[in-house]
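Quick caveat, the model's predicted, so the values are computed rather than measured. Just so we're on the same page: letters track the sequence lines, and every chain starts at 1.
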Number of protein chains: 2
Amino acid sequence: MSISSRFSVGIHILTLIELNTDGVSSSEFIASSVNTNPAVIRKLMGMLKKANLIVVQPGIAGAKLAKKPSEITLFDVYKAVNVVQEKELFSLHEHPNPKCTVGKNIQNTIEPIFLTAQNAMEQVLKGVTLEAVVKDISLKESLI
Amino acid sequence: MSISSRFSVGIHILTLIELNTDGVSSSEFIASSVNTNPAVIRKLMGMLKKANLIVVQPGIAGAKLAKKPSEITLFDVYKAVNVVQEKELFSLHEHPNPKCTVGKNIQNTIEPIFLTAQNAMEQVLKGVTLEAVVKDISLKESLI
DNA sequence: TCATGGTGTAATTACAATGATTACAAGTTT
DNA sequence: AAACTTGTAATCATTGTAATTACACCATGA
């Protein structure tokens, strides 16, 4: 299993919109950078729009960021593209036997541990802004 | 997406083996507690055995822990049942356009962030031992 | 020794999620 | 009106999961 690449593509889209200052960031343009189908990008743009991360209008080419890059964290993107359901990074097996001591209690014991682990991962994402990503890419490019 | 329930079932199996002191922990017995098919349990037991967490022998009913519960962490189980490939909790989209500044650099920029996030989650799992799980379940049971 | 019951493992099935693709309605611009 | 864009639904191939069946192989006890 792996967290869907929608997440990394979402980050890619936002980064590209921010750095593409002199062109128009249409779904086709973005798709050519991501190397996928424009419809895939439009679907993701719809999610990013719904999460109020970008502004897009039907018929009008190009998307813009809805906030400053310093105000968008990777956690926002992660939530926007819906790669992990709330509280469900880890699955619990269903219907363990309630007649058994372990079966009856295992879920209540494990769940808080799983939530703590998921939260630790998400905290890291909250600590990284789109601005940091954009700066890192600009830095890498300037060194070439 | 969600991390396979193999993980929670793996924890269930080990906990049950530890707490089932007066019976034999056969795959059928464990399956009835987990509420699944014995073959599913045997497959997981094979993984736990390979990771040196339990001792099972062909033809001989019952599994035993290969280590003390205090020496087994949830991270060991997580690795044993192979729910997440090394360094691959998050997928990177493949083949972004190398002719584009963003496409060329996005993977190198994002990867260390993803690894940091994955590591934070795994550190939590390393901090929880099977002993802690067993004790918590015993405590819950004693309160009833 | 042989019947019984266990583990180990492969094959099959059903199901869900993903990502690519096509198609088209609806909006905008010139 | 023509050309281009977004929004969205439908379809398809692929993949991973979990359940199930089947059977080879091993150990034990009558």
Participant: Tell me: NZ of B:Lys50 to P of C:dG8, nearest whole Å?
Facilitator: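 Taking NZ of B:Lys50 and P of C:dG8, I get 13 Å after rounding.
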Participant: Taking only residues at least two apart or on different chains, which pairs with a member in residues 29-45 of chain A satisfy side-chain hydrogen bond (donor to acceptor under 3.5 Å, both in side chains)?
Facilitator: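 The answer is A:His12-A:Ser33, A:Ser27-A:Arg42.
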Participant: Atom CE of B:Met47 and atom C1' of C:dA10: how far apart are they, to the nearest Å?
Facilitator: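 Spelled out: CE on B:Met47 to C1' on C:dA10 is 14 Å.
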Participant: Once the angle between the rings of B:Phe7 and B:Tyr78 is folded into 0 to 90°, is it parallel (under 30°), tilted (30 to 60°) or perpendicular (over 60°)?
Facilitator: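 B:Phe7 and B:Tyr78: perpendicular rings.
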Participant: Could you give the CZ-to-C1' distance, from B:Phe29 to C:dG5, as a whole number of Å?
Facilitator: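 Taking CZ of B:Phe29 and C1' of C:dG5, I get 17 Å after rounding.
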Participant: Atom CD of A:Glu88 to atom P of C:dA16: distance rounded to whole Å?
Facilitator: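 Going from A:Glu88 (CD) to C:dA16 (P), I get 15 Å.
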Participant: What integer distance in Å separates B:Asn82:CG from D:dG16:P?
Facilitator: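 So the two atoms are 11 Å apart, to the nearest Å.
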Participant: Verify side-chain contact (heavy atoms from CB on, under 4.5 Å) between A:Leu65 and A:Leu130, making sure each step is shown before the conclusion.
Facilitator: CA-CA 11 Å; A:Leu65 294 187; A:Leu130 179 62; 3.9 Å; yes
Participant: Whole angstroms only, please: what is the CG-C1' distance between B:Leu92 and C:dT18?
Facilitator: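 Whole-Å distance recorded here is 16 Å.
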Participant: Where the side chain of B:Val40 is concerned, which of D:dT20, C:dT21, C:dT18 is the nearest nucleotide?
Facilitator: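 Closest nucleotide to the B:Val40 side chain: D:dT20.
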Participant: Tell me if the NZ atom of B:Lys68 is crowded by more than 12 foreign heavy atoms within 6.0 Å.
Facilitator: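 Counting neighbours around NZ of B:Lys68, 12 or fewer heavy atoms of other residues, nucleotides or ligands fall under 6.0 Å, so no.
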Participant: Protein-nucleotides 1-8 of chain D N/O pairs closer than 3.5 Å?
Facilitator:
{"from": "D:dT6", "atom 1": "OP1", "to": "A:Ser27", "atom 2": "N", "distance (Å)": "3.2"}
{"from": "D:dT6", "atom 1": "OP1", "to": "A:Gly62", "atom 2": "N", "distance (Å)": "3.4"}
{"from": "D:dT6", "atom 1": "OP2", "to": "A:Ser27", "atom 2": "N", "distance (Å)": "3.4"}
{"from": "D:dT6", "atom 1": "OP2", "to": "A:Ser27", "atom 2": "OG", "distance (Å)": "2.7"}
{"from": "D:dT6", "atom 1": "O4'", "to": "A:Gly59", "atom 2": "N", "distance (Å)": "3.2"}
{"from": "D:dG7", "atom 1": "OP1", "to": "A:Lys49", "atom 2": "NZ", "distance (Å)": "2.8"}
{"from": "D:dG7", "atom 1": "N7", "to": "A:Arg42", "atom 2": "NE", "distance (Å)": "2.8"}
{"from": "D:dG7", "atom 1": "O6", "to": "A:Arg42", "atom 2": "NH2", "distance (Å)": "3.1"}

Participant: Should we count CD of A:Glu71 as having more than 12 external heavy atoms under 6.0 Å?
Facilitator: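 Enclosed.
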Participant: Would the number of heavy atoms belonging to other residues, nucleotides or ligands and lying under 6.0 Å from NZ of B:Lys67 be above 12?
Facilitator: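 Counting neighbours around NZ of B:Lys67, more than 12 heavy atoms of other residues, nucleotides or ligands fall under 6.0 Å, so yes.
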Participant: Nearest whole Å is fine: how far is C:dT18 C1' from B:His93 NE2?
Facilitator: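 About 15 Å, once rounded to whole Å.
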Participant: Between C:dT9 atom C1' and B:Leu44 atom CG, what is the distance in whole Å?
Facilitator: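 Those two atoms, CG and C1', are 13 Å apart.
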Participant: B:Ser4 side chain N/O closer than 4.0 Å to the phosphate oxygens (OP1, OP2) of D:dA18?
Facilitator: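 True: B:Ser4 side-chain N/O within range (under 4.0 Å) of D:dA18 OP1/OP2.
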